[in-house]
Every structure is written in C-alpha cells, then in structure tokens.
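The figures that follow rest on heavy atoms only: side chains count, while hydrogens, waters and symmetry mates do not. Residue numbers run from 1 in the order of the sequence given. All ligand and atom numbering here is 1-based and tracks the order in the structure.
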Amino acid sequence: MNGMTKLDYEVIVIGAGVGGIYQIKRLADLGIKATVLELAGDLGGTWYWNRYPGARFDSESYTYGYSFSKELLEEWHWKERFSGQPENLRYLNYVADKFDLRKYMQFNVRVEAAHFDEARTLWRLKLSDGRTLTCRFVIMTLGLLSQPTLPRLEGMDTFKGRSFHTYYWPQEPVDLAGKKVAVIGAGATAIQVIGEIADKVGELTVFQRRPNWSAPLNNSPISETEMADIRKRYDEIFAACARSPGGFVHEPDRRGFYEVSPEERRALWDRLYDEPGFGIWLANFREIFMDEAANAELSEYIAERIRRRVKDPKVAEKLIPKDHGFGIQRVPMETHYFEAFNRPNVHLVDLRETPLERVTEKGLRTTEREYEFDVIVYATGFDAITGAFDHIDIRGTGGQTLRDKWRDSCSSFLGMMVHGFPNLLMPAGPQSGSASTNYPRGIETGVNWCTDFLQRVREQGQTRFEATAEAEARWTAHVVGMYSVMLMRKAKGWFTGYNSNVAGHEEGKVRYFVYNGGAPKYVERINQVAANGYEGVQLGVDLAKAS
Ligand code: NAP
C-alpha cells in the first residue's frame with residue numbers, strides 16, 4: 001500500500017432535477033468521471049414529484065427552459081405560456097436523452113450519509129442500497145423545495161380514504177369525480193390544486209389557516225407562429241432575465257412610487273393584474289418590497305380585486321391576508337382560484353376560528369365538528385432550502401455535521417460553499433442567488449460558476465478546496481444585512497424559514513437563507529470572486545492522499 005486510494009468517481013452529483021441534469025452535462029463535456037445519484041425512480045426533481053392537478057410554471061415557459069444549447073432552443077416548442085407538469089417532465093427527459101445524460105444517472109438510491117475523509121481528501125457516501133461510494137468532489141443539487149412536510153396531527157394513519165401530500169400525488173390518475181375532497185393549505189400549491197379541481201370533484205372543502213396573496217396567471221397557448229418569434233428573440237429574452245432582479249422577463253417599473261400620481265399607479269396595476277405572470281409583482285414599483293405605505297396601497301388594490309371576484313363578502317375577507325402585504329414573499333399565481341369559492345360545492349373552513357384537532361377514520365375533526373372525506377390532500381409545504389441537506393448526515397472536517405452548523409440559521413460562501421466542508425459545492429444552495437429567482441436561470445449561473453471553479457482547481461493540480469471562515473462570515477453578513485431593508489423579513493413563510501410542522505421552525509424566527517440582492521448583483525459578486533482568483537477559497541494540494 002502506498003497510501004493511494006482509488007476513487008469510485010471524481011465527482012458525485014446528488015439530485016437529478018433541473019440542477020443535476022445541467023450539472024452532469026457540464027461535467028460530461030469536460031470528460032470528468034462523474035455520476036448523479038437520485039432518490040426518485042427517474043429524473044426531473046420537482047417535475048418528477050409534483051404531479052398534482054394544476055401543477056405548472058409560474059415563470060414564462062420560454063424563460064424557464066435551459067439556455068445553454070442553441071440547438072435545444074431551436075427544437076423545443078413550449079405549448080403554453082406557463083407550461084404544466086407533464087410537459088415540463090417531458091422537456092427534462094428530452095434534454096437528458098438529447099445529450100445522452102441518462103447513462104450517468106443512478107435512480108432509486110438515497111444518499112444517507114456523506115462524510116469527508118480528511119486523511120485521504122475524499123468524500124465517502126453511504127447509500128440506501130448498502131453501497132459506499134468515494135469521490136473527490138461532491139455537488140449537491142438537492143432542490144430548494146424537495147423535503148415535503150406533513151402536519152403533526154393525531155390519527156393520520158387511521159384515515160380509511162386516500163390521503164397524500166401534493167408532492168407525492170400518485171403517478172396513476174386519481175379519480176376525483178363525485179368525491180368528497182379536503183385540501184389542507186393555502187399556499188401556491190393549494191391555490192393551483194383548488195383552481196383546477198373545484199369543478200371536477202363532488203364536494204371540495206378547503207382548510208385554510210392563513211390566506212396568501214395571489215394574482216391571476218393569465219395563461220394561454222403558444223402557437224407555432226408565436227413560438228417561431230420567441231425562438232428569434234431568445235437572446236433578447238435571456239438578456240432581459242439577466243437584467244431583472246428575479247431572473248424573469250418582468251423588469252421593475254423604475255419610476256419612483258411617489259413620483260407618479262395615485263391614478264397613474266392604479267392604471268399600472270389595472271394593466272398588470274390582467275397581464276400574464278408575475279408582472280403585478282415584479283414589474284411593479286420597487287418600493288413595494290421595502291416601503292410599508294407603498295406596499296399597503298398596493299395590497300389594498302389587490303384586496304379590492306379579490307372582493308370583486310368573490311361573491312360572499314365574508315368569504316372574500318377570509319381569503320384576504322391581513323398579517324402581511326402583497327408581494328413581500330413569492331406570490332402564488334392562480335387560475336379561477338377566487339371564482340372556485342363562488343361554487344356551491346366548494347367550502348372554506350377557517351382554521352384560525354376552528355383549528356384542526358385530528359384526523360379520524362372518516363375524515364378530519366376541527367374544534368367545531370367532524371368532516372367526512374374520500375380524499376385528503378395535504379398541500380402543506382416544505383422544509384425549505386436547508387431541509388433536503390438536513391436529511392443527509394453530512395459531516396465535514398472534525399466530524400462536525402452540516403445540520404448542526406445550520407441549526408439556527410445558515411452560513412455559506414456565495415451560497416455555494418461552506419467552511420468546514422471542503423470539496424463540497426452547492427450550485428443553488430442556501431444564500432445563493434437561485435433561492436429567490438426564476439430557478440433555472442439561477443441554477444445555470446450556479447452550475448457554470450461551480451464547474452468553471454472545479455476546472456480551475458483541476459488545472460492547477462489541486463485536490464482540496466475550502467471557503468475560509470472569514471469569507472463565509474463576510475458573505476453571511478452581506479446576506480443578513482439585506483434582510484433589514486426588506487419587508488419580507490416580516491412574513492412568516494418558507495422564505496424566512498417558518499414551518500409549523502418542523503421542530504425548531506415553528507416560532508417563525510428568521511433564518512437567513514435567501515439572497516435578496518437580486519440576480520444581477522449576485523452574478524456581479526460571484527464573477528468578481530472568480531476574477532480575483534477565487535479569493536476567499538483556500539486551495540491545497542494533498543498529492544499523497546488519493547488518486
Ligand atoms: P407553502 O407556501 O409553504 O404553503 C403551505 C400551506 O400549508 C400554508 O397555507 C400553510 O399555512 C399550510 N399548512 C402547513 N401546515 C399546516 C397545518 N399543520 N395545518 C394547517 N395548514 C397548514 O407551500 P406550497 O404551497 O407548497 O408552496 C411552496 C413554494 O413552492 C411556493 O412559494 C413556490 O415558490 C413553489 N411553488 C411554485 C408553484 C408554481 O407556480 N410554479 C406552485 C407550487 C409551489 P400557514 O401559512 O398558516 O403556515
């Protein structure tokens with residue numbers, strides 16, 4: 001023995017969603033020996049799992065697709081402005097097949113542990129199928145919303161009907177015709193499901209704790225002619241996404257909120273409310289994110305639009321949030337959501353008045369009464385952003401776990417590296433630009449940066465890298481600092497780390513895992529780090545350790 005260890009792979013990527021697919025493409029192009037490990041039975045991540053009725057993009061489809069291949073952009077026809085889950089999954093499969101990426105992927109395998117071996121400068125991954133794999137570098141593309149959470153209610157196993165979290169909506173069609181259906185939740189997912197199934201089920205009862213703001217998606221088909229035009233404009237479209245803080249085609253109205261008259265503001269909102277997508281949120285005045293009075297005026301406008309759409313004023317008031325303003329967190333986009341509550345077969349239960357007590361054999365019991373159901377749909381959200389990391393036993397130098405390091409909040413360098421966890425990259429990690437953007441735009445940025453960085457490390461013959469403690473502290477302070485000007489810090493939602501179903505997250509203490517500076521600023525910062533020779537990252541040669 002000469003102390004050399006044969007590695008199974010140079011790089012292991014964890015997760016075969018939008019991030020993992022592009023990451024393995026870049027590694028394969030460089031001829032790096034790599035594999036992708038995926039828990040699911042196939043690729044697709046978010047679009048593999050979330051098969052609930054109504055699941056679709058809130059980004060314009062042609063801004064969500066990958067931008068890295070002109071040929072792919074030429075070939076793919078997005079059929080709808082906001083494409084639905086089945087088509088989105090087809091798209092990701094098409095990409096994987098076109099670039100022959102499937103051969104690098106291993107499915108139905110859960111990574112249970114990832115431990116850094118300091119002596120040999122390698123990662124050792126323990127898998128659910130009993131194998132242990134080693135690699136020099138590990139890249140985590142785990143997804144921001146990939147760890148669904150269920151309420152902690154008594155009796156959930158006793159229900160005799162069918163019940164599932166929306167993330168695990170069955171692959172085979174679920175016949176809801178004539179059925180009594182419960183939906184628990186009022187987030188983006190519930191809002192999509194409710195709008196889609198209201199006229200297809202027997203009775204629909206919505207159990208809402210706190211309402212969310214939402215606005216019309218205004219979806220429509222994309223014809224051959226329009227798609228041909230979009231293809232010609234792709235450079236322009238992606239340039240617009242790169243300019244906008246959120247990575248979408250919607251750019252803020254750069255006039256000052258107070259520079260224009262209330263009538264002009266209203267005229268803008270009248271127009272944006274009826275336009276497709278996030279315009280009403282992101283093509284709005286920038287003050288709505290930071291200035292209480294500006295936000296309150298917009299919130300009142302949206303509330304009025306809701307009141308016009310919901311016939312019963314009492315129901316309308318229940319659907320209008322009173323604890324936070326419009327747009328301070330990601331806005332769910334809806335299709336006929338508010339009109340659903342005008343239907344005689346749709347009922348709203350306000351859990352703040354009558355909280356859920358337990359699940360029974362027949363359905364759900366609140367403090368008021370028992371409701372009987374055939375199907376219970378839990379649209380109850382995710383242990384967001386750090387949740388998927390927490391579910392792997394990740395250990396860095398000195399045996400410290402990432403779970404412990406991130407217990408109260410999180411810290412990172414650029415949202416892509418963590419001090420104490422060498423040779424680990426997260427192209428779309430906590431505190432990266434991806435968490436608050438049009439995800440694929442952020443993912444491409446992150447994957448490109450991480451891959452270019454790895455290339456540099458390899459070219460220099462280095463085998464170890466680690467963000468310094470100082471660089472991490474600086475980045476984290478930068479991320480935390482930006483929260484102080486954003487109204488978002490006041491919202492209790494997954495963006496700030498609140499989740500009533502996860503121990504330690506129920507009290508709503510802000511966890512700083514979103515980069516609020518906007519995509520252009522993020523890209524500028526990470527490019528600057530690269531241009532300065534990756535300052536903040538320590539490289540080390542450990543030639544004797546592994547090959
Ligand atoms: P979410 O926004 O966290 O909503 C979860 C909902 O479940 C909330 O209304 C919450 O109420 C409720 N809830 C949770 N636990 C509960 C309990 N024990 N009892 C009663 N109610 C409970 O999750 P999500 O709707 O899945 O959306 C998460 C994110 O995914 C979105 O913000 C968005 O970024 C993304 N998404 C995007 C799309 C799209 O259009 N492309 C669609 C779906 C999701 P409280 O608020 O009172 O806690």
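- Sequence neighbours left out, the pairs with a member in residues 164-175 that pass salt bridge (charged side-chain N to carboxylate O under 4.0 Å, His left out) are Arg162-Glu172.
- A side-chain hydrogen bond (donor to acceptor under 3.5 Å, both in side chains) check over residues 271-280, counting only residues at least two apart or in different chains, returns the pairs Arg271-Glu275, Tyr273-Arg309, Asp274-Arg305.
- Under the side chain to side chain donor-acceptor pair (under 3.5 Å) criterion, Asp383 pairs with no residue, sequence neighbours left out.
- The pair Glu506-Arg152 meets the salt-bridge criterion, since a charged nitrogen lies less than 4.0 angstrom from a carboxylate oxygen.
- Among Trp47, Trp78, Tyr62, Tyr91, the one residue that satisfies the side-chain contact (heavy atoms from CB on, under 4.5 Å) test with Ser83 is Trp78.
- Between the side chains of Glu60 and His250, a donor-acceptor pair is found at a separation under 3.5 Å.
- Under 4.0 Å from any atom of ligand 1, one finds heavy atoms of residues Tyr52, Arg56, Phe57, Asp58, Leu145, Pro151, Ile184, Gly185, Ala186, Gly187, Ala188, Thr189, Gln192, Arg209, Arg210, Arg330, Leu351, Ala379, Thr380, Gly381, Phe382, Tyr439, Trp494, Tyr498, Ser500, Asn501.
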